[in-house]
Protein chains: 2
Amino acid sequence: MGMAQWHDRTPILVSLIGRPDFGPALDLALSQVAAFDLTCVFAYPGEERPLLLHDGLRGVSSPAIMANYLNGTYLLDAVYAACRRPVPDGLYRLRELAPDDFFEGDYFKSPAVHPCISMETGTLAEEIVFIAALSPSTRLAYSLMRQNGRETFTETEMEALRTAAPMVTALLAQHWRSHVPADGAVDGALLERAFSSFRPGTLTAREQTIVSLVLRGHSSLSIARLLDIAEGTVKNHRKHIHAKLGISSQTELFNLFIGHLIGEA
Amino acid sequence: MGMAQWHDRTPILVSLIGRPDFGPALDLALSQVAAFDLTCVFAYPGEERPLLLHDGLRGVSSPAIMANYLNGTYLLDAVYAACRRPVPDGLYRLRELAPDDFFEGDYFKSPAVHPCISMETGTLAEEIVFIAALSPSTRLAYSLMRQNGRETFTETEMEALRTAAPMVTALLAQHWRSHVPADGAVDGALLERAFSSFRPGTLTAREQTIVSLVLRGHSSLSIARLLDIAEGTVKNHRKHIHAKLGISSQTELFNLFIGHLIGEA
DNA sequence: GCGTACATATCCCCAAAGGGATAGTTTTTG
DNA sequence: CAAAAACTATCCCTTTGGGGATATGTACGC
């Protein structure tokens with residue numbers, strides 16, 4: 001069954017946390033426990049679009065299909081639904097996660113939506129997935145797939161993979177934690193407090209509003225639309241802000257703010 | 001023997017990497033494999049003074065003795081010598097590491113130098129130590145100690161601990177890597193640490209260099225002059241960085257980094 | 001009433017960043 | 001050794017930001 005080999009390899013996986021070859025190494029180590037053909041890791045952060053964190057699809061899924069999936073068809077994915085439900089950390093068969101009629105529906109059969117299932121070379125024998133929580137609202141999904149013509153995973157294999165699951169989910173979370181935007185951190189209370197304690201008195205209320213929007217990543221045009229004023233007005237405000245703070249670029253503004261954040265800590 | 005319990009607990013240890021309760025949890029998990037009374041983790045970075053990273057000494061070592069050790073008597077320590085030699089990662093008995101006359105020398109017998117050995121309550125039955133490399137010149141040492149009146153570690157216990165050693169050393173390195181100033185980093189400031197822990201694995205070394213310069217406020221031209229490459233090359237790197245991080249502007253890069261800073265706190 | 005500060009808005013010009021495409025050289029890695 | 005990845009470089013074109021100058025409306029206080 002290969003559990004001994006699995007235990008032998010886990011220390012190596014731990015040492016590869018945070019390194020670029022972690023994904024391939026995880027594939028390799030798990031292949032000692034049970035055979036599979038394709039893998040991938042997606043993050044489903046909050047209500048945002050998924051991120052492809054690891055691509056073990058061997059080029060079977062075209063870039064166009066992947067782009068489709070990331071742009072919207074993921075909403076129809078049973079794995080996505082499970083991550084939103086959410087389910088506890090562990091190993092799941094796709095058949096368990098999917099509604100009864102899933103495999104009869106348009107999604108599964110469409111050749112243009114799923115990055116893994118619908119490939120030119122045929123259909124999948126089975127997909128199983130490790131699900132790991134990164135935060136209350138973010139889940140990682142590590143899929144193992146068997147291609148057409150092969151058997152489904154036996155219960156013996158599943159049992160061995162289930163034994164490995166606690167380690168797999170812990171590894172997934174540790175390695176990819178820093179690759180996924182933190183839970184609402186960018187508009188969290190911490191950031192709010194940092195904004196309001198940033199140069200109070202020097203800037204007018206309106207200017208503070210504009211600074212906080214700039215720091216959140218908005219362009220002048222985007223700010224103008226948000227506040228329902230002209231783009232030129234926003235640019236003018238930014239000009240005044242720069243003059244007051246004694247800086248001459250957005251970059252310096254970010255630097256001031258980073259210094260402010262660190263100084264507070 | 002407890003190897004089954006050990007394997008059960010390692011996933012929890014992995015999930016605690018980077019969290020404050022990792023040290024105690026490691027002590028607890030290893031105590032299932034073999035009994036011991038006291039523990040501690042030191043880092044020996046380059047040629048600098050050691051750092052006490054984990055204190056499982058239960059107050060047996062006085063602050064004064066610890067200060068002495070950190071200030072200079074560590075130079076006489078056999079564990080320090082082993083880390084400077086250096087020895088390969090693994091588990092060692094202190095008796096193996098020490099020169100033959102070590103236990104007869106002034107160091108071992110002095111009541112004022114060793115943070116663990118010389119305590120009021122008596123002497124040690126034995127000390128064993130896991131040594132893990134953090135970098136070519138930095139080693140971590142995780143000591144397990146049995147107090148007076150107990151037996152030394154049996155060969156059976158040592159064998160069990162040696163089986164666990166690859167995982168233990170990998171865990172040590174991962175958890176405490178960010179606690180020890182990077183190799184040759186002059187100041188190892190907060191900001192430096194934040195830069196180096198920003199999306200590891202996603203970006204190449206060169207790309208990380210460019211990101212850190214951009215975040216410091218440099219323009220493409222300024223970076224080009226600093227690195228003595230063409231401005232277009234810098235712009236190209238930035239293009240690739242944006243693609244990898246899934247963003248499309250400097251502003252978003254700053255946002256990611258601010259989120260990273262806040263997320264770490 | 002008048003000055004001041006603030007928010008709004010427009011024009012022009014230049015510097016910088018973003019992005020597609022392509023390609024030669026070096027380094028890493030299997 | 002051969003393939004892959006990374007680093008280097010250039011061309012061209014669009015979008016965004018930065019800054020000078022200027023102007024109108026509005027709210028507040030003296």
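Bear in mind that the values here come from a model prediction, so they are computed numbers and not experimental data. Scope of the values below: all heavy atoms of this structure, side chains included, with no hydrogens, waters or symmetry mates. Just so we're on the same page: letters track the sequence lines, and every chain starts at 1.
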When rounded to whole Å, the CD to C1' distance for the pair B:E231 and C:dA15 reads 10 Å
Presence of B:S220 side-chain N/O under 4.0 Å of C:dA17 phosphate oxygens OP1/OP2
yes
B:L213 CG to C:dA17 C1', straight-line distance once rounded to whole Å:
16 Å
Atom NE2 of B:H218 to atom P of C:dA17: distance rounded to whole Å?
12 Å
Write down the distance between CD1 (A:I229) and C1' (C:dT10), rounded to a whole number of angstrom.
14 Å
Testing the basics here: between A:A35 and A:E157, what is the closest heavy-atom pair and its distance to 0.1 Å?
N-OE2, 4.5 Å
Give the rounded distance in Å between these two atoms: CG of A:L227 and P of C:dA7.
11 Å
Name the first nucleotide and the last nucleotide along DNA chain D (5' to 3') that come under 4.0 Å of a heavy atom in chain A.
D:dG17 to D:dA21
Have A:S248 and A:E252 got a donor and an acceptor in their side chains that come within less than 3.5 Å?
yes
Closest nucleotide of DNA chain D for B:T251 versus for B:H237: which of these residues is on the 5' side?
B:H237
Is there a donor-acceptor contact under 3.5 Å linking the side chains of A:T152 and A:R146?
no
What residues form a side chain to side chain contact (heavy atoms under 4.5 Å, CB included) with B:R84, not counting sequence neighbours?
B:Y44, B:E47, B:Y80
Side-chain donor-acceptor contact under 3.5 Å, A:T156 with A:E159
no
State whether a side-chain donor-acceptor pair under 3.5 Å links A:Q250 with B:T251.
yes
What does A:T233 touch in the nucleic acid at a heavy-atom separation under 4.0 angstrom: a base, only the sugar-phosphate, or nothing?
base
Could you check A:S143 against A:T39 for side chain to side chain contact (heavy atoms under 4.5 Å, CB included), going step by step and ending with a plain yes or no?
CA-CA 5 Å; A:S143 293; A:T39 70; over 6 Å; no
Could you say whether B:Q250 or B:H240 is positioned toward the 5' end of DNA chain C, judged by the nucleotide with the nearest heavy atom to each?
B:Q250
How long is the line joining CG of A:L221 and P of C:dA17, in whole Å?
20 Å
Is the phosphate of C:dT8 approached by A:R206 (side-chain N or O, under 4.0 Å from OP1 or OP2)?
yes
So what does A:H242 touch, heavy atoms closer than 4.0 Å: a base, only the sugar-phosphate, or nothing?
sugar-phosphate
Take atom CD1 of A:I210 and atom C1' of C:dA7, then tell me their distance rounded to the nearest Å.
9 Å
Between B:A230 and A:I247, whichever has its closest DNA chain D nucleotide further toward 5' is B:A230
